[in-house]
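Note that ligands are numbered from 1 as they come in the structure, with each ligand's atoms numbered from 1 the same way.
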Amino acid sequence: MKTILGIETSCDECSVAIIEDLEESFNLKVKALSTYSQVILHQPYGGVVPEIASRNHLESVNLLLDNVLTSASINARFLHDLHLDAIAVTNRPGLIGALLVGVSTAKALSYSLKIPLIAIHHLEAHICSLFVENEGFDPRVGNKSNLRELLPMLAAVISGGHSNLYILHKLPGEWDEDFLKHSCVGKSRDDAAGEAFDKTAKLLGFPYPGGKWIEKNAKGGNPKAYPFPRALKHPDTLDFSFSGIKTSFSLTLKKISEQNRLKDEIPNLCASLQEAIVDTLYSKIALAVSNYQCRSLALVGGVAANLRLRDRISELENKLGYGRIFFPKSAYCTDNAAMVAAAGAFRLRQGKILSLEQSLKLSAIANPSA
Ligand code: KG4
Ligand code: ZN
């Protein structure tokens, strides 16, 4: 068994976790997880303020390390006592100052405790959230030969910063360094899906991040009340565009407010907006499943918590060779360090640890090309 410490500070969640990897299984166990969401600090500004994010990570990260140490073991007084096999840290992409806090912390721990360091791409971590505390991948059903039946798998990473579609031909633990770059078949040309939720929620005066507020207020609303645009409909691209939805929403909102109908129309507006975003995601995901003859599908990232999206995507089950759709547990959809540690566990299986020299030189990368 291997024990991995994960650190995540790429945006506004500061998170530290310890996971256990039984190695023969694809179901990774969370031994401890402590997350501080900065949402309340950014709410007055309607979005993440990078300088506030990095300063707060600096204040939080050591406290979170103490928390996971306490909950991982009653006997351990120091991280050293946990006999860690690796430290995994998100070093790309994200807010540069925020990333730097996690990377510097991980480098210092790795150097002082003499534990190998593993640098993780944030979107690889989101894909690995599938394998965190997921009984669907326990040793009985999750052995390698069974799991190979799932390939090619379409992994849709739908978050506040990304709407990316990946076709995976290999299992975790077999991925090469650049697999995200090679396997990406579609992405957003402008705003991400989560960003579209957040920006429109802000126009309605909902707190940041707005996705869950739109979902909540959509209940009982008519999803057909307002025909917000579904962009890039043509089947020759798997890319998304969400900026038109935001513009159209703001014009509609202006009209309704002028007519003094806003209060009554909120459920209809939210349901129609949610439907437009979900519909756009559904169409391209369905097209990718058919173009690449995917045998299974995984939906990950913060927006994957949306139940309407989960329902629509579930309609694709009979189009998949293996007929399986996977969602991470809701707790692991938004940014957390358990998924980073999970990605680290799979990299460790491959022996992909950094040398001492590489560890000391490791930098944070705000916007890698992948
Ligand atoms: O993955 P994540 O925590 O952060 C990024 O890596 O971006 O995703 C955050 C995004 C936000 O845009 C938030 O509004 C959205 O996920 N989100 C939702 C829901 N819960 C979170 N969007 C729609 N419905 C939800 N229930
Ligand atoms: Zn994320």
Colleague: Any N or O of N306 that comes nearer than 3.5 Å to an N or O of ligand 1?
Modeller: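 N306 vs ligand 1: N/O contact under 3.5 Å present.
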Colleague: Please state which protein non-hydrogen atom is closest to atom 20 (N) of ligand 1 and give its distance, to 0.1 Å?
Modeller: G302 O, 3.5 Å
Colleague: Can you list the atoms of ligand 1 that are under 4.0 Å from a heavy atom of E215?
Modeller: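 Answer for ligand 1: 24 (N), 25 (C), 26 (N).
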Colleague: At less than 4.0 angstrom from any non-hydrogen atom of H122, what atoms of ligand 1 do you find?
Modeller: 6 (O)
Colleague: Calculate, to the nearest 0.5 Å, the distance between atoms CG and CG belonging to D85 and L5 respectively.
Modeller: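 Result: 11.5 Å between the selected atoms.
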Colleague: May I ask you to say whether R308 pairs ionically with E275, meaning some side-chain N is under 4.0 Å from a carboxylate O?
Modeller: yes
Colleague: Under 4.0 Å from any heavy atom of T334, which atoms of ligand 1 are there?
Modeller: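 With T334 as reference, the close atoms of ligand 1 come out as 3 (O).
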Colleague: Should you measure from each heavy atom of G194, which atoms of ligand 1 turn up under 4.0 Å away?
Modeller: 12 (O)
Colleague: N/O/S atom of H122 under 2.8 Å from the Zn ion (ligand 2), yes or no?
Modeller: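 Of the N, O and S atoms in H122, at least one lies under 2.8 Å from the Zn ion (ligand 2), which means yes.
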Colleague: Using a 4.0 Å cutoff against the non-hydrogen atoms of D198, which atoms of ligand 1 qualify?
Modeller: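 Answer, ordered by atom number: 11 (C), 12 (O), 13 (C), 14 (O).
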Colleague: What's the shortest distance from atom 3 (O) of ligand 1 to any protein heavy atom, and which residue and atom give it?
Modeller: D335 N, 3.1 Å
Colleague: Could you verify whether a donor N or O on one side chain and an acceptor N or O on the other, from E13 and T35, lie under 3.5 Å apart?
Modeller: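 Per modelled atom types, E13 and T35 side chains form no pair under 3.5 Å.
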Colleague: Could you please spell out the steps behind the ring-ring contact (aromatic ring centres under 6.0 Å, His included) verdict for Y166 and F179?
Modeller: CA-CA 9 Å; Y166 298 100; F179 84 103; 7.1 Å; no
Colleague: So, is G301 polar-close to ligand 1, with some N/O to N/O distance under 3.5 Å?
Modeller: no
Colleague: Just wondering, do Y45 and I52 contact through their side chains at under 4.5 Å, heavy atoms?
Modeller: yes
Colleague: Decide whether the shortest distance between a heavy atom of G161 and an atom of ligand 1 is less than 4.0 Å.
Modeller: yes
Colleague: Do any nitrogen or oxygen atoms of G160 come within less than 3.5 Å of a nitrogen or oxygen of ligand 1?
Modeller: yes
Colleague: Please note down the angle at the Zn ion (ligand 2) between NE2 of H126 and OD1 of D335, to the nearest 10°.
Modeller: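 Here the angle at the metal atom is close to 90°, to 10°.
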Colleague: Using a strict 4.0 Å cut-off to heavy atoms of V303, name the atoms of ligand 1 that fall inside it.
Modeller: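 This gives 15 (C), 16 (O), 18 (C), 22 (N) as the contact atoms.
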Colleague: Quick one: which ligand 1 atoms are inside 4.0 Å of a heavy atom on P209?
Modeller: 13 (C), 14 (O)
Colleague: Could you tell me whether some N/O pair between E13 and ligand 1 is separated by less than 3.5 angstrom?
Modeller: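 N/O-N/O distance below 3.5 Å does not exist for this pair.
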Colleague: Does the ring center of F346 lie less than 6.0 Å from the ring center of F26?
Modeller: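 So the answer is yes for these two rings.
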Colleague: Purely on distance, is any nitrogen or oxygen of H126 under 3.5 Å from one on ligand 1?
Modeller: yes
Colleague: Is any side-chain N of the basic residue among K29 and D21 closer than 4.0 Å to the acidic one's carboxylate O?
Modeller: no
Colleague: Between R347 (side chain only) and W175 (backbone N and O only), is there a donor and an acceptor less than 3.5 Å apart?
Modeller: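 Yes, the answer is positive, given that a donor and an acceptor are paired below the 3.5 Å cut-off.
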Colleague: Tell me whether the guanidinium CZ or amine NZ of R312 lies under 6.0 angstrom from the six-membered ring centre of Y282 and within 45° of its axis.
Modeller: yes
Colleague: Are any side-chain N or O atoms of S54 and backbone N or O atoms of E51, one a donor and one an acceptor, separated by less than 3.5 Å?
Modeller: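 Yes; at least one donor-acceptor contact below 3.5 Å.
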Colleague: How far is atom 22 (N) of ligand 1 from its nearest protein heavy atom, and which residue and atom is that?
Modeller: G211 CA, 3.4 Å
Colleague: Would you say the side chains of D335 and H122 form a donor-acceptor pair under 3.5 Å?
Modeller: yes
